[in-house]
Amino acid sequence: MSLKKNNLRVLVVGCGNMGASHAMAYHILDGFEICGLVSTGNSKNVLNEKLGGGYPLFNDFYDALSATRPDVVCISTYPDTHEAYAVKSFESGCHVFIEKPLADTVEGAQRVAKAAKKAGKKLLVGYILRYHPSWEKFIELSQDMGKPLVMRMNLNQQSQGAKWTVHRNLMKSLSPIVDCAVHYIDVMCQMTGSKPVQVSAIGARLTDEVPEWNYNYGQLQIRFEDGSIGWYEAGWGPMVSDNAFFIKDVFGPKGSVSIVAKAAAAAGNSDNIDAHTKTESIKVHHADLNAAGEFAKADEWIDLSDEPDHQELCNREQRFFLKAIQENIDLTRPTEDAVNSLKIAFACDESVKTGEMVRL
């Protein structure tokens with residue numbers, strides 16, 4: 001497949017769910033051109049066929065990097081490869097888009113951020129909710145509820161077949177509350193605008209298919225400097241309940257804001273990647289009482305007309321990445337946020353394993 005003049009040449013590394021979605025974005029968006037697809041298994045062949053065929057295929061990242069000499073590397077592999085692949089990409093003069101989490105250790109994430117700065121190249125971490133207009137509205141409305149805030153969120157996934165295989169592979173390096181919680185910790189930090197000061201967490205290993213040091217269900221609690229508190233839980237596997245697996249709400253002295261995804265939160269949808277980003281409606285409740293002690297205002301329902309699906313969110317993410325490269329947008333702050341949310345998630349992981357509260 002011939003490359004278009006002036007497009008950024010992208011090497012896509014990892015061709016599973018997220019890698020395939022990002023590859024589709026690069027395939028259809030002006031400004032990008034795929035120069036190679038990399039995976040250790042058959043996923044690259046499946047993806048190549050889906051994209052119409054013709055893209056160079058590679059089994060090894062380092063061989064692909066050397067052969068294609070890309071402008072951009074998109075890393076959507078398992079977390080234990082993120083640091084090495086990203087650092088090598090920066091050393092080779094490439095910009096890097098990397099799926100969350102940034103690395104499988106805090107120190108590794110810091111090394112990746114340092115490598116990006118040294119190379120003078122762009123690093124964007126895949127925090128997809130930052131590009132969702134309904135989640136932006138959810139965060140904005142939460143900031144009108146006063147302080148402190150109480151934030152309750154979860155995403156449990158009842159998985160089987162290929163999706164359970166992906167979850168088992170992920171848990172060879174990270175727990176669910178590290179892999180998934182970084183999204184929602186990032187949201188909580190945006191809602192409060194405050195610094196987390198302590199965390200506590202619990203977890204359970206519900207199957208021998210999970211490594212002995214790890215667990216496939218976890219629940220965390222975060223206390224912020226302004227008195228706000230946040231709760232999040234994540235569970236993966238065929239035994240996980242899909243009842244109330246999708247909870248996203250926040251309340252403060254002035255009322256509450258909740259994402260009410262009636263269809264997306266239905267039973268049987270917990271491992272549906274499109275359902276994970278659906279909002280459908282935002283419910284706003286006001287705490288004001290009238291002279292009779294009854295609610296003075298009716299609840300409001302906000303239905304945003306702009307409700308992108310998972311693929312469109314990936315497209316928007318990559319459009320922003322392209323703009324950041326072309327217009328030299330400073331990505332220092334989002335990178336710091338990605339490192340910070342990972343640091344908090346690992347502190348929660350430490351709490352699970354030690355049984356102790358962790359101060360930050």
Side-chain angles (χ1 to χ4, degrees), residues 13-22 39-44 46-47 75-83 85 98-105 108 125-129 153-186 201-220 232-248 264-278 310 313-314 341-342 345-346 348-350 352-353:
V13 190
C15 300
N17 287 333
M18 294 307 301
S21 295
H22 295 311
S39 76
T40 56
N42 191 52
S43 60
K44 60 183 173 292
V46 174
L47 176 58
I75 301 171
S76 301
T77 51
Y78 287 115
D80 57 358
T81 61
H82 284 191
E83 177 188 352
Y85 288 2
I98 191 165
E99 260 308 319
K100 58 82 190 168
L102 179 51
D104 62 350
T105 65
V125 186
Y127 280 56
I128 198 168
L129 297 180
M153 302 183 193
N154 74 353
L155 182 57
N156 293 313
Q157 298 179 54
Q158 186 184 86
S159 56
Q160 61 176 322
K163 290 180 180 177
W164 177 225
T165 298
V166 169
H167 284 153
R168 288 199 307 268
N169 286 335
L170 279 167
M171 287 185 287
K172 291 176 182 176
S173 56
L174 294 175
S175 69
I177 63 171
V178 172
D179 183 80
C180 280
V182 289
H183 271 310
Y184 303 101
I185 291 171
D186 183 54
I202 53 176
R205 180 173 176 262
L206 300 171
T207 171
D208 290 341
E209 295 186 72
V210 175
E212 289 187 8
W213 57 268
N214 209 345
Y215 49 95
N216 63 308
Y217 172 84
Q219 180 188 120
L220 62 87
Y232 178 77
E233 70 169 359
W236 295 341
M239 74 294 293
V240 173
S241 169
D242 67 356
N243 180 47
F245 74 88
F246 188 96
I247 298 170
K248 308 288 186 297
N269 251 347
S270 67
D271 68 345
N272 179 350
I273 196 167
D274 277 317
H276 298 172
T277 54
K278 284 288 184 182
H310 184 265
L313 282 174
C314 290
S341 60
L342 186 61
F346 270 116
C348 295
D349 198 52
E350 178 186 345
V352 173
K353 293 171 181 176

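Residue numbers count from 1 along this sequence.
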K.L.:
CH2/W213 to NZ/K172 distance, rounded to the nearest 0.5 angstrom?
P.N.:
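It is 11.0 Å, given to the nearest 0.5 Å.
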K.L.:
Between the main-chain N or O of G237 and the side-chain N or O of S159, is there a donor-acceptor pair closer than 3.5 Å?
P.N.:
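Yes: the side chain of S159 pairs with the backbone of G237.
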K.L.:
Considering residues at least two apart in sequence or located in another chain, which fulfil the ring-ring contact (aromatic ring centres under 6.0 Å, His included) criterion with H183?
P.N.:
Y127
K.L.:
Is the number of heavy atoms from other residues, nucleotides or ligands within 6.0 Å of CG (N42) greater than 12?
P.N.:
yes
K.L.:
Is a side-chain donor-acceptor pair under 3.5 Å present for D349 with Y215?
P.N.:
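Yes, because at least one side-chain N or O of Y215 sits under 3.5 Å from a partner of the opposite role on D349.
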K.L.:
Does any non-hydrogen side-chain atom of H310 lie less than 4.5 Å from one of I128?
P.N.:
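I128 reaches H310 side chain to side chain.
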K.L.:
Just by distance, do the side chain of D179 and the backbone of L174 share a donor-acceptor pair under 3.5 Å?
P.N.:
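Pair absent, no side-chain N/O of D179 close to backbone of L174.
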K.L.:
Taking only residues two or more places apart in sequence or in another chain, which ones pass ring-ring contact (aromatic ring centres under 6.0 Å, His included) with Y232?
P.N.:
Y184
K.L.:
Please name the residue in the list V166, L155, L170, V210 that meets the side chain to side chain contact (heavy atoms under 4.5 Å, CB included) test with W236.
P.N.:
L170
K.L.:
Counting N and O atoms only, with roles assigned by atom type, does the side chain of H82 sit under 3.5 Å from a partner on the main chain of P101, one being a donor and the other an acceptor?
P.N.:
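It does hold such a pair.
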K.L.:
Report the distance from atom OG1 of T77 to atom OH of Y85, rounding to the nearest 0.5 Å.
P.N.:
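The distance works out to 6.0 Å.
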K.L.:
Within the distance-only criterion (no hydrogens, no angle test), does the side chain of Q158 pair as donor or acceptor with the backbone N or O of V240 below 3.5 angstrom?
P.N.:
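The answer is yes, because a donor-acceptor pair under 3.5 Å joins these two groups.
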K.L.:
Nearest 0.5 angstrom please: E209 CD to N216 CG, how far?
P.N.:
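CG of N216 is found 9.5 Å from CD of E209.
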K.L.:
Which value, rounded to the nearest 0.5 Å, describes the distance between L47 atom CG and H22 atom NE2?
P.N.:
12.0 Å
K.L.:
When rounded to the nearest 0.5 angstrom, what is the spacing between OG in S341 and CZ in F346?
P.N.:
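Rounded to the nearest 0.5 Å, the OG-CZ separation comes out at 10.5 Å.
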K.L.:
Using every non-hydrogen atom in the two residues, find where P211 and M171 come nearest and quote the distance to one decimal.
P.N.:
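Smallest interatomic distance, heavy atoms only, reads CG-O, 3.4 Å.
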K.L.:
Rounded to the nearest 0.5 Å, what separates atom CG in L129 from atom CG in D186?
P.N.:
8.5 Å
K.L.:
Please tell me if the side chains of L342 and V178 come closer than 4.5 Å, counting only heavy atoms from C-beta onward.
P.N.:
yes
K.L.:
When you measure from the side chain of N154 to the backbone N and O of A244, does any donor-acceptor pair fall under 3.5 Å?
P.N.:
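Answer holds: yes.
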K.L.:
How close do A201 and I177 get, heavy atom to heavy atom, and via which atoms?
P.N.:
CB-CD1, 4.4 Å
K.L.:
Does any part of the side chain of Q157, heavy atoms only, come nearer than 4.5 Å to the side chain of H167, both counted from C-beta?
P.N.:
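Heavy-atom side-chain distance check passes, below 4.5 Å.
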K.L.:
Minimum heavy-atom separation for G235 and N156, please, with both atom names.
P.N.:
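Looks like N-OD1, 2.8 Å.
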K.L.:
Is there side-chain contact between C314 and M18, with heavy atoms separated by less than 4.5 Å?
P.N.:
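Contact flag for C314/M18 side chains = yes.
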K.L.:
Looking at D104, T40, N169, which one forms a side chain to side chain donor-acceptor pair (under 3.5 Å) with Y78?
P.N.:
N169
